[in-house]
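Everything on this sheet refers to the single structure shown next.
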Amino acid sequence: MEEHLSLANYLSSLNEPQRQAVLHQQGPLMIIAGAGSGKTRALTYRIAYLIQQGVDPFNILALTFTNKAAREMRQRIEQILGGSVQRLWMGTFHSIFARILRTEASLLGYTSEFTIYDTEDSKSLLKSVIHEMELDDRIYKVNTVFARISAAKNRLISWQSYLSNPSFLKEDEESAKPKLGEIYKNYVQRCFKANAMDFDDLLFNVNVLFRDHPEVLKKYQTRFEHLLIDEFQDTNLAQYLATRSLAALHQNICVVGDDAQSIYAFRGADIRNILNFAKDYPQATVIRLEQNYRSTKRIVAVANKVIAHNKYQLPKTVWTANEEGEPIEIIRAATDIDEGRLIASSIFELKMRYQAHNRDFAVLYRTHAQSRVFEEALRRLNINYRVYGGLSFYQRKEIKDLIAYFRFTINQQDEEAFRRIVNLPRRGIGESTVQKILLAAAENNVSIGEVIAQPEYFLGKSRINAAITDFAEMIKDFAKVMQQKNAYETALYIAKNSGLLRELYEDKTIEGRVRYENVHELLNAIKEFVDDSQQEDKSLAAFLHQVALLTSTDENDKENTDVVSLMTIHQAKGLEFNFVYIVGMEEGIFPSSMISTQAEMEEERRLFYVAITRAAKRLTISYALQRYRYGELEPSEPSSFLEEIDYRHVRMGRVNQVGFIDKQRLVQHPTVESDSPKLLSKDFAEKTNVPKNLISPPTSVYIHKPSAHFVASDLSKLKEGMRVEHLRFGFGTVVSVDLKSSERRAVIHFDQVGEKTLLLNFAKLMIIE
DNA sequence: AATTTGTGTATTTTT
DNA sequence: TACACAAATT
């Protein structure tokens, strides 16, 4: 255990502006914190200092954007103060606002047990709404409609004001989607009926609460003497106005941010919030943290030069006293597959040269889809890695299913939960019966729970009523158990008696086993929750409140923590690595081809800035000259951002070139000089007339979806007797392979699964000799 | 009802 | 390409 240091000792480790930020007394304060300038340190010390000065933690509210940031900050404060600060309200905007809304729910017509719909629930409900309105779901695409509604809520535009605003209506008319406003209205009303809020509602409804109930606002205003907001540049209007209301009484609002790292405009973040803070609070103190403690001089210089191309930003000069460091390396690869190989071998080399750990390395890319080639290349070199993102544990189907049982038991108006579980396992209650139940609930203005309790009264006589009654009785039983038992006992009871666990147990396929284990993992998590002495409320509802706002990045780290991190640049924000690789620096990828406006281009550039400034010791940037896109090998060109780099700090790294630089001809007539022709794919060979003998047999098959179906990309590789290892599900021997007519799918018989056949559909298989 | 084949669509970032 | 979903087929 580290020896406990006094706050004074901590303070002496700060530089002058940091100390000013910590010691600032009353009134609004804005801390403009350049990348790597110790912003989190300043913020945590400030909170610790306030508490040490006698401010009750109960009167402090600290808001972050991620659970992880909140958790880490709390830990550091506790470390400094040498004790727990339970009473301190520190959390994400969403979790803190949810807490406030649960307390005040009745004022807005919800119960305090309202459900939080995640994006999947929201989109599913939206889909039902669009269908029921008999609209064409090819015109009203769920994703587009959802994005529109979300944007409206983030800008605090209610459905009422949306429908009464001629310019919105005109805009929708022109984009051939005149019913958008109506959909918005119906969606909101359905959520309300389900006693549910989506993520955006948590922000929106707090504003409604504060606007319509001044006495409630007053209560929180009085309570929160100090308000601190991290990553202020990422706040949207709803977040901004809510916090401004909260701070209006004491005016002790401290915001920390860096306009140069604002990268979330696409989900409503408004950079003007930070640019205009000084205008909103004329008496605000502004402190700049400009000394970077993280990166080498060269990395800082390159980052500064890149961001200087942006027009809209607060003036500041980030500098560092760190060593000069190595030049930034730029690697050009022939294809994306080669790029993966080059990066992996570079990691291998640097590990040796610097005696570094895997965890010192990060590969950063623009989109999740780019991770694949790096995964493979790292696997080939036996370097452990972890891909961040993708489905979080709590988004897996089997987990959501069980949680839906919990949700519906708690909130019997929860339409989406009901839909998930009513026929799972099969009870003979099909889609049409579900529709009737929902309709009856809406028409009679009662909850789903009430309808299924008396099916004959609400739905009339039907042979299905018996099944409905059985289901209703089961839920009633669950509710009773929930009243008496803690979260773990209740969850176990529900898992067993719902039939869910049995169904999964009976599924003997490999994935079925994984699902069964996942459910047990969930039950374990609930057990840990119950056993946690810090946790006062041990009900299942309390557990659900906690997990509703978790994301994939919040998960407990796996046993093996010494891994190379593969993640999007967005996910890397706030992190730091000694060795950073920014990969796929190609026009159309980064900057993305999806952007059109100048403002978006500036945000894209800030994203590049964020990526560069993650690196402490060494930065490598790579791009490929050809890349597989939608199955075709296409020429690719270096990103225009590369032109903005200060080349005095650059060393051109290994160039892996195939044939000519002329891109047109490259695709047609490459001369293979690559030292490992086995990395070329069959497609590539066919397209480019590479002699067949240069292509060694493939060694691996990809499978993407580790669910009900496996897929093999090149099924001809799979032969009888072959031992096959799966990344996640262990291995087995292929007994036989039946190719289907499409030749893209096949049924593979494995020894371990016995007679059961699996449809292979592109998972991660490795063929062992 | 379960399995197989066909089709459409998205390829930007996420609390 | 590659995945989800719908439709067709057993």
From the options dT13(B), dT12(B), dA2(C), select the nucleotide whose nearest atom is closest to the side chain of M594(A).
dT12(B)

I need the CG-C1' distance between L203(A) and dT14(B), as an integer number of Å.
13 Å

Could you tell me whether F65(A) contacts a base, only the sugar-phosphate backbone, or nothing, with contacts defined as non-hydrogen atoms closer than 4.0 Å?
sugar-phosphate

For K123(A) and dA10(B), what is the distance between atoms NZ and P respectively, to the nearest whole Å?
11 Å

Could you give the distance separating dA4(C) and dT13(B) at their P atoms, to the nearest angstrom?
16 Å

Counting heavy atoms not belonging to R272(A), are there more than 12 under 6.0 Å from its CZ?
no

Would you kindly give the CG-to-C1' distance between D200(A) and dT14(B), to the nearest whole Å?
11 Å

From NZ of K573(A) over to P of dT15(B), roughly how many Å is that when rounded to an integer?
11 Å

Rounded interatomic separation in angstrom, taking CD1 from I589(A) and P from dT13(B):
12 Å

Whole-Å distance, H368(A) NE2 to dT1(C) P, equals 23 Å

So, OP1 or OP2 of dT14(B): does either fall under 4.0 Å of a side-chain N or O from T568(A)?
yes

Specify the separation, in whole Å, of atom CG of N205(A) and atom P of dT15(B).
21 Å

Over-ring placement of R605(A) relative to Y609(A), 6.0 Å and 45° cut-offs:
no

Tell which nucleotide pairs with dT11(B), taking only Watson-Crick or G-U wobble pairs whose two distances are both under 3.5 angstrom.
none

Atom pairs and distances, donor-acceptor, side-chain atoms in residues 139-147 of chain A, under 3.5 Å, two or more places apart:
unit_1	atom_1	unit_2	atom_2	d
Y140(A)	OH	K179(A)	N	2.9
N143(A)	OD1	K123(A)	NZ	2.9

Taking the side chain as every heavy atom from C-beta outward, state whether L202(A) and F114(A) have any atom pair closer than 4.5 Å.
yes

Does the side chain of I229(A) reach to within under 4.5 Å of the side chain of F93(A), using non-hydrogen atoms?
yes

Under 4.0 Å, counting only non-hydrogen atoms across every strand here, what does S95(A) touch: a base, just sugar-phosphate, or nothing?
nothing

Let's see if you can work this out: which of dT12(B), dT13(B), dT15(B) has an atom nearest to the side-chain heavy atoms of T92(A)?
dT15(B)

Among dT15(B), dT14(B), dA2(B), the nucleotide that comes nearest once only the side chain of Q571(A) is considered:
dT14(B)

For F93(A) and dT15(B), is the gap between ring centres under 5.5 Å while the planes differ by less than 30°?
no

Contacts of S95(A) meeting side chain to side chain donor-acceptor pair (under 3.5 Å) (sequence neighbours excluded), chain-then-number -> T92(A)

Expressed in angstrom and rounded to an integer, what is the separation of L575(A) atom CG from dT14(B) atom C1'?
15 Å

Please compare N143(A) and L549(A) by the position of their nearest nucleotide in DNA chain B and report the one closer to 5'.
N143(A)

Taking any heavy-atom pair under 4.0 Å as a contact, classify K141(A): base, sugar-phosphate, or nothing.
sugar-phosphate

Check this for me: does the side-chain of R366(A) come within 3.5 Å of the base of dT13(B) through a donor and an acceptor?
yes

Quick check on dT1(C): is either OP1 or OP2 less than 4.0 Å from any side-chain nitrogen or oxygen of R372(A)?
no

